[in-house]
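Worksheet: one structure, shown below.
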Amino acid sequence: MTNNKQLIELTGEIEDIIFRNEANGYTVMDIISGDETVTTVGTVASVSVGEEVKLIGSYKKHPTYGEQFAFEACERTIPSTSSAILKYLSSGTIKGVGPTTAKRLVEAFGDKTLEVIENEPERLAKIKGISNDKALAMSKDLQKIFGVRKVMTQLAQYGISSHQAINAWNMYGNKVIELIEENPYMLCNQGLNISFEIADNIAIEQNRQFDDNCRVRAGLLHILYHNQNNGHTCLPMNKLIEACCKFLQVSTEKVEENLNNMLSEGELILDIVGEKEFIFLPEMHSCESYSATRIAMALRFPAEQIDNIDDEINYVEHENHITYAQLQRTAIKMALTKGMLILTGGPGTGKTTTLNCIINILKRSGSTVALAAPTGRAAQRMAQLTGCEAKTIHRLLEVTWNKQDKPVFMRNDKNVLECDALIIDELSMVDSQLFESVMRALPLGCRLIMVGDSDQLPSVGAGNILSDLIACGKIPVVQLNEIFRQSMESLIVTNAHRIVKGEQPVIDSTTGDFFFMKRTSLSSLTTTIAELFTTRLPKSYGLSPLNDIQILCPGRKGQIGTRELNNVLQASINPKESFKREININGTILRMGDKVMQNKNNYDIPWTKDSGETGEGVFNGDIGILTAVSGNPAVLQVTYDDKVALYDAESAADLELAYAVTVHKSQGNEFNAVIIPLYNNPPQLIYRNLLYTAVTRAKKLLIIVGSSNTLYRMVENNKKTLRYSALKDFIIREVE
């Protein structure tokens, strides 16, 4: 329920369904209440024109569409009179039933029409135009509609939203209520993702024991999934037991008993990692085990060597008027003689130059080369630097999405990629599950070249892929560490290397591309950032705030977090004006002209390029400009570099303001100018590779604003975030 609002009831008949998202039940509909027509918005299952409804909610003022009634609960009355049933069926509620068939049904069965359709479909076949098969289909359709409603009504009493109830219905059908009565903790299953707290509350209402086995088993799963979201693919058994006892307030014996049962039933997996017992969710154990097995196979059956490599390198040097450093030549040779290579190094060390030579020689040898990166921006940058087509990994693997909104790849072990060599950039951003998908689609004998910076932040998803692959010691690795002369002229590059070595950066320079501006209060810091972003940098350097300058924050919260800074910057650079349409998305105003970011992959969003090319899909981390808000219901137009994407109101929930973004969200991107606010950041956000990652996002200009003490503390703290993962140990085990 909405907090601090007086909820009211609104009753009436549904006149029109303006918009409906079948996946989640979000609906915009007009109802006739008394003598007026009211536009209402909310989540509800399977409503139809002609139904009588009682809505519970409140009126709100939409910035574009005016007054609407936002409902949080919907109670409906099944039409009971002949006239109401006729209107209900004529609206297309049941597949295959239009106005003509509806009229025949009501003439035959009157007020009992819906009861006959639901319970006596054989009687329908006596009506002209209705076969036995069609009668059964109509009956099943109506039973489903009524079933969803029943589930929603019963689950609503537990505080489960309409959207969650629809998901539960999609997974379990009418059995969901019975299943909850047997075990309320089934609601915590992946796919439903209803909170453990809600399940606990239901269990209390059922008078279940605090140490009920269902509760303990669900608690163990909850902790493992929670830690998976924090980057861990597994947990030490002793830590899992300890955490579960504390979380559930139950005895160690009870947790151990249930854990052993789950292990014996295969619901969890125990394996030895570094001589310690670790517990895995089955999908994560399978994921890391498969990747290790596939890497071992690739090492045993490598791609064929390229002949005359020295001559080939000399040819490329001559053609491009370049001389490769010794480590670069080593990397090129390894890439062309071994089946697998990890190429790593910081900015200015020549990774791209080395990679371009490898690609050149591979293509000259007749090899088909595929290039990929984790994000759209990273793939685009890879294409620009190499002059070759590059795709996101998801696109390369031909992603589709199942009903639970999880990726399913058409390229897999039964339909492998059609390439002789695969090059993956920004490997530090790749999580364990995505890496497994790559390995499944890799043809036997295909050359695999992985490029990344091991000093950057690890992936958002679970796993520690780049670090584990390097640490296993079984895969050829070349780390480029020489800063080339042209790059040494950049203080961004030299300071980045100082930071990664634990040396304090040079911050007293008054010329060049790296500046530090000391500020001793949060208010002065915020003011300075706003001035730099909106006026000073555009005036002094000719930079565009929307296209060239990016503020990178260590975190989201606080006065110098992304949330507050985005509000400040929006008000400064894109204030409210009568001609600018806007929309309120979960409490955030998105206005025409705003800089926005997509915060999750959505492969259903349609886009069009200037060339006329069309497609679908916008990626997590893509940054664009909100160029239009139109229609009722709303349609948003966002311009991303070379394409224009269209969002409905529901998909727009994945957009957020992007004048300021977190360092984590910036991975895979580069910006002409970067501003970093540092001032008494939370301890968990003061560490070296967070700072290093932020600094290396800047191409031409970097300004750190705030506290030198915070900056120094970040450089000194080399405690990288601990991640439990098993890929390194699994590879060693497979290879040896």
Margin query: Which label fits H285 and F280: parallel for a plane angle under 30°, tilted from 30 to 60°, or perpendicular past 60°?
Written below: perpendicular

Margin query: Are more than 12 heavy atoms, taken from residues, nucleotides or ligands other than E418, located less than 6.0 Å from that residue's CD atom?
Written below: no

Item checked: Spatial distance of atom CE (M714) from atom CG (L678) [nearest 0.5 Å] -> 5.5 Å

Notebook entry, point to check: Just by distance, do the side chain of T627 and the backbone of Q637 share a donor-acceptor pair under 3.5 Å?
Noted result: yes

Margin query: Donor-acceptor check, side chain of N681 to backbone of Y679, threshold 3.5 angstrom: yes or no?
Written below: yes

Next item on the list: Enter the distance from L532:CG to M517:CE here, rounded to the nearest 0.5 Å.
Entry: 5.0 Å

Notebook entry, point to check: Between V478 and T354, is any pair of side-chain heavy atoms under 4.5 Å apart?
Noted result: no

Margin query: Is the shortest side-chain heavy-atom distance between T349 and N481 below 4.5 Å?
Written below: no

Checklist line | Euclidean distance, T526 OG1 relative to R519 CZ, rounded to 0.5 Å | finding: 11.5 Å

Notebook entry, point to check: Got a donor-acceptor contact below 3.5 angstrom from the R697 side chain to the Q667 backbone?
Noted result: no

Item checked: Identified side-chain contact (heavy atoms from CB on, under 4.5 Å) partner of S432 from the options L727, I465, D468 -> I465

Next item on the list: Could you tell me whether the side chains of D453 and Y692 share a donor-acceptor contact shorter than 3.5 Å?
Entry: yes

Notebook entry, point to check: Between N566 and A660, is there a donor-acceptor pair closer than 3.5 Å when you use the side chain of the first and the backbone of the second?
Noted result: yes

Notebook entry, point to check: Are the side chain of K351 and the backbone N or O of L343 linked by a donor-acceptor pair below 3.5 Å?
Noted result: no

Notebook entry, point to check: How close do A331 and I358 get, heavy atom to heavy atom, and via which atoms?
Noted result: O-CD1, 4.3 Å

Notebook entry, point to check: Can you list the steps and then say if D425 with L371 is a side-chain contact (heavy atoms from CB on, under 4.5 Å)?
Noted result: CA-CA 8 Å; D425 197 11; L371 280 67; over 6 Å; no

Notebook entry, point to check: Just wondering, do L552 and F671 contact through their side chains at under 4.5 Å, heavy atoms?
Noted result: yes

Checklist line | Side chain to side chain, R294 and E436, heavy atoms closer than 4.5 Å | finding: no

Margin query: Do the side chains of K665 and E656 get close enough for a salt bridge, i.e. N-O under 4.0 angstrom?
Written below: no

Notebook entry, point to check: Would you say T400's side chain and V408's backbone share a donor-acceptor pair under 3.5 angstrom?
Noted result: yes

Next item on the list: Give a yes or no on whether the backbone of N230 and the side-chain of N227 come within a donor-acceptor separation of less than 3.5 Å.
Entry: no

Checklist line | Residue pair R411 / L396, side-chain heavy-atom distance below 4.5 Å | finding: no

Notebook entry, point to check: Would you call the rings of F533 and Y659 parallel, tilted or perpendicular if under 30° counts as parallel and over 60° as perpendicular?
Noted result: perpendicular

Item checked: From CA spacing to verdict: side-chain contact (heavy atoms from CB on, under 4.5 Å), Q550, K595 -> CA-CA 10 Å; Q550 187 60 58; K595 187 176 187 177; 3.0 Å; yes

Notebook entry, point to check: Which pair of heavy atoms, one from F516 and one from S707, lies closest together, and at what distance?
Noted result: CZ-C, 3.8 Å

Checklist line | Within-4.5 Å side-chain heavy-atom neighbours: L537 and L701 | finding: yes

Check: How far does CD of Q456 sit from OG of S666, to the nearest 0.5 angstrom?
Finding: 8.5 Å

Notebook entry, point to check: For L690 and L457, what are the C-alpha separation, side-chain angles and deciding distance, and is it a side-chain contact (heavy atoms from CB on, under 4.5 Å)?
Noted result: CA-CA 6 Å; L690 182 73; L457 294 170; 3.6 Å; yes

Notebook entry, point to check: At their closest point, which heavy atom of I585 faces which heavy atom of L590, and how far apart are they?
Noted result: CG1-CD1, 3.9 Å

Margin query: Are the side chains of K580 and P575 in contact, using a 4.5 Å heavy-atom criterion?
Written below: yes

Margin query: Around atom NZ of K609, are there more than 12 heavy atoms from other residues, nucleotides or ligands closer than 6.0 Å?
Written below: yes

Item checked: Heavy atoms from other residues, nucleotides or ligands near NZ of K699 exceed 12 (cutoff 6.0 Å) -> yes

Check: What's the spacing between Q433 CD and T233 OG1 if we round to 0.5 Å?
Finding: 10.0 Å

Check: Hey, does L397 have a side-chain heavy atom less than 4.5 Å from the side chain of L417?
Finding: yes

Check: Between the side chain of T710 and the main-chain N/O of N680, is any donor-acceptor distance below 3.5 Å?
Finding: yes

Checklist line | Separation between CG of L355 and CE of M382, rounded to the nearest 0.5 Å | finding: 5.5 Å

Check: P407 and V399: which non-hydrogen atoms are nearest, and at how many Å?
Finding: CB-CG2, 3.7 Å

Item checked: For C553 against I560, the heavy-atom pair lying closest together -> SG-O, 3.5 Å

Margin query: How close do V638 and L655 get, counting heavy atoms only, and between which atoms?
Written below: CG2-CD1, 4.0 Å

Check: Checking T386 side chain against N356 main chain: does a donor-acceptor pair fall under 3.5 Å?
Finding: no

Checklist line | Trace of the side-chain contact (heavy atoms from CB on, under 4.5 Å) decision for V369 with C388 | finding: CA-CA 9 Å; V369 184; C388 303; over 6 Å; no

Margin query: Please check this pair: side chain of N717 against backbone of I686, looking for a donor-acceptor N/O pair closer than 3.5 Å.
Written below: yes

